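So the structure is just underneath, and the comments pick up after that.
This one's a predicted model, so the numbers in the text were calculated from it and none came from an experiment.
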Amino acid sequence: MTVHQKVLDGSHRAFMLGYLENLALIERLHRLLLDVVKDEFERVGVLEINPVQALLLFNIGENEVTAGELKSRGYYQGSNVSYNLKKLVELGYMHHQRSEIDRRSVRVRLTEKGRAVRSLLQELFTRHAEALERRAIVTPQGMEDVNQTLKRMERYWTEQIRYIY
């Protein structure tokens, strides 16, 4: 093996280790986000919905969407979207209405109760963003760099699902 090959091998190994660390961090951060939402809801007494359902409400916002659009627009990543939508409708956080054009399709939107949960999360995320910036944990440029990198990884993974397999 030449010196050049060893450098490439070392470089590849370092990249691979970095990539695996990224994957672990993404997974850990998602779980931590759910824990942060759960803790906030326990603090303010919102106990009838779980963090996944709360994030679903947050991501829908003022939009009116179908269950299929929830996944395609990136509002929801889980496999049990129908269950969570049904629970949120039953608990009064969402309205649902059958489409006039396609009776199989159901459109959902937030109720006033759902908008209140969304507002709670908006306040939580605003506090976090302000603290991150105030304490210089992440600079605005650092945040932009992370977002751009994650978007590129998202595009790559999307291409792998759609075009390779």
Side-chain angles (χ1 to χ4, degrees), residues 22-134 137-138 140 142-165:
N22 283 177
L23 297 178
L25 279 168
I26 290 166
E27 187 177 359
R28 237 180 9 251
L29 285 171
H30 178 68
R31 284 196 303 270
L32 279 170
L33 174 61
L34 296 177
D35 287 344
V36 165
V37 171
K38 179 179 180 283
D39 287 351
E40 179 71 4
F41 279 17
E42 287 173 355
R43 188 181 68 73
V44 298
V46 175
L47 305 174
E48 64 183 358
I49 64 172
N50 65 44
V52 169
Q53 293 164 340
L55 288 171
L56 179 58
L57 294 172
F58 181 80
N59 289 326
I60 290 172
E62 295 302 317
N63 298 312
E64 183 175 295
V65 296
T66 66
E69 288 171 330
L70 291 175
K71 289 183 109 174
S72 68
R73 292 184 186 187
Y75 294 156
Y76 186 83
Q77 301 303 320
S79 60
N80 52 357
V81 67
S82 297
Y83 168 81
N84 282 316
L85 286 177
K86 182 180 176 198
K87 283 302 272 186
L88 289 167
V89 168
E90 287 173 1
L91 294 169
Y93 291 93
M94 297 183 87
H95 291 294
H96 75 311
Q97 179 178 2
R98 290 232 173 261
S99 170
E100 294 296 323
I101 299 165
D102 181 358
R103 300 301 292 166
R104 298 168 296 170
S105 179
V106 175
R107 299 195 68 74
V108 295
R109 70 182 187 286
L110 303 188
T111 63
E112 193 59 41
K113 191 174 175 182
R115 285 192 292 279
V117 167
R118 187 181 193 287
S119 181
L120 274 172
L121 285 176
Q122 182 65 52
E123 291 168 16
L124 173 68
F125 297 155
T126 298
R127 283 195 320 266
H128 288 179
E130 289 170 353
L132 285 166
E133 188 172 23
R134 183 177 58 252
I137 294 169
V138 180
M143 192 68 73
E144 181 61 26
D145 292 345
V146 168
N147 286 338
Q148 290 303 317
T149 298
L150 291 173
K151 286 176 185 176
R152 287 192 301 269
M153 288 177 69
E154 177 184 36
R155 276 192 303 274
Y156 173 77
W157 288 346
T158 299
E159 290 169 2
Q160 297 309 296
I161 294 166
R162 290 189 181 150
Y163 306 115
I164 302 297
Y165 300 105

Quiz prompt | Worked verdict on Leu85 versus Val106 for side chain to side chain contact (heavy atoms under 4.5 Å, CB included) | solution = CA-CA 10 Å; Leu85 286 177; Val106 175; over 6 Å; no
Quiz item: Yes or no on side chain to side chain contact (heavy atoms under 4.5 Å, CB included) for His95 and Glu64, after CA distance, side-chain angles and deciding distance?
Solution: CA-CA 9 Å; His95 291 294; Glu64 183 175 295; over 6 Å; no
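Enclosure of atom NE2 in His96 is not indicated, since only 12 or fewer non-hydrogen atoms of other residues, nucleotides or ligands lie within 6.0 angstrom.
Evaluation of the side chain to side chain contact (heavy atoms under 4.5 Å, CB included) rule for Lys86 yields Glu90 as partners, not counting sequence neighbours. Contacts of Asn22 classified as side chain to side chain contact (heavy atoms under 4.5 Å, CB included), with partners at least two apart in sequence or in another chain: Met153. Contacts of Tyr83 classified as ring-ring contact (aromatic ring centres under 6.0 Å, His included), with partners at least two apart in sequence or in another chain: none. Residues forming a side chain to side chain donor-acceptor pair (under 3.5 Å) with Lys87 (at least two apart in sequence, or on another chain): none. Here Glu154 pairs with nothing under the side chain to side chain donor-acceptor pair (under 3.5 Å) rule; sequence neighbours left out. In this structure Thr158 satisfies the side chain to side chain donor-acceptor pair (under 3.5 Å) test with no other residue, sequence neighbours excluded. Under the salt bridge (charged side-chain N to carboxylate O under 4.0 Å, His left out) criterion, Glu144 pairs with no residue, sequence neighbours left out. Scanning for side chain to side chain donor-acceptor pair (under 3.5 Å) contacts around Arg115 gives Glu112, with sequence neighbours left out.
A heavy-atom distance below 4.5 Å is not found between the side chains of Val36 and Phe125. No side-chain heavy atom of Val117 sits less than 4.5 Å from a side-chain heavy atom of Leu110. Using a 4.5 Å cut-off on side-chain heavy atoms (C-beta onward), Leu33 and Leu55 make contact.
A distance of 3.5 Å separates CD1 of Ile60 from CE of Met94, quoted to the nearest 0.5 Å. Rounding to the nearest 0.5 angstrom, the gap separating the CG atom in Leu150 from the CD atom in Gln148 is 9.5 Å. Here the CD-CE distance, from Glu133 to Met143, works out to 8.5 Å after rounding to the nearest 0.5 Å. The distance from atom CG of Leu57 to atom CG of Leu88, rounded to the nearest 0.5 Å, is 5.0 Å.
Each side chain to side chain donor-acceptor pair (under 3.5 Å) pair with one or both residues in residues 31-41, not counting sequence neighbours, appears once here: Glu27-Arg31, Lys38-Glu42, Glu40-Arg43, Glu40-Arg127. For residues 27-56, the set of pairs meeting the ring pair (Phe, Tyr, Trp, His ring centres under 6.0 Å) definition, not counting sequence neighbours, is empty.
In this structure, Gly92 and Lys113 approach most closely via the heavy-atom pair O-CB, 3.5 Å. The two residues Leu121 and Ala54 make their nearest non-hydrogen contact at CD1-O, 3.3 Å. Considering every non-hydrogen atom in both Phe58 and Gln122, the closest pair reads CE1-OE1, 3.5 Å. Taking each heavy atom of Glu48 and Gln53 in turn, the nearest pair found is O-OE1, 4.5 Å.
At least one donor-acceptor pair closer than 3.5 Å links the side chain of Thr111 to the backbone N or O of Tyr93.
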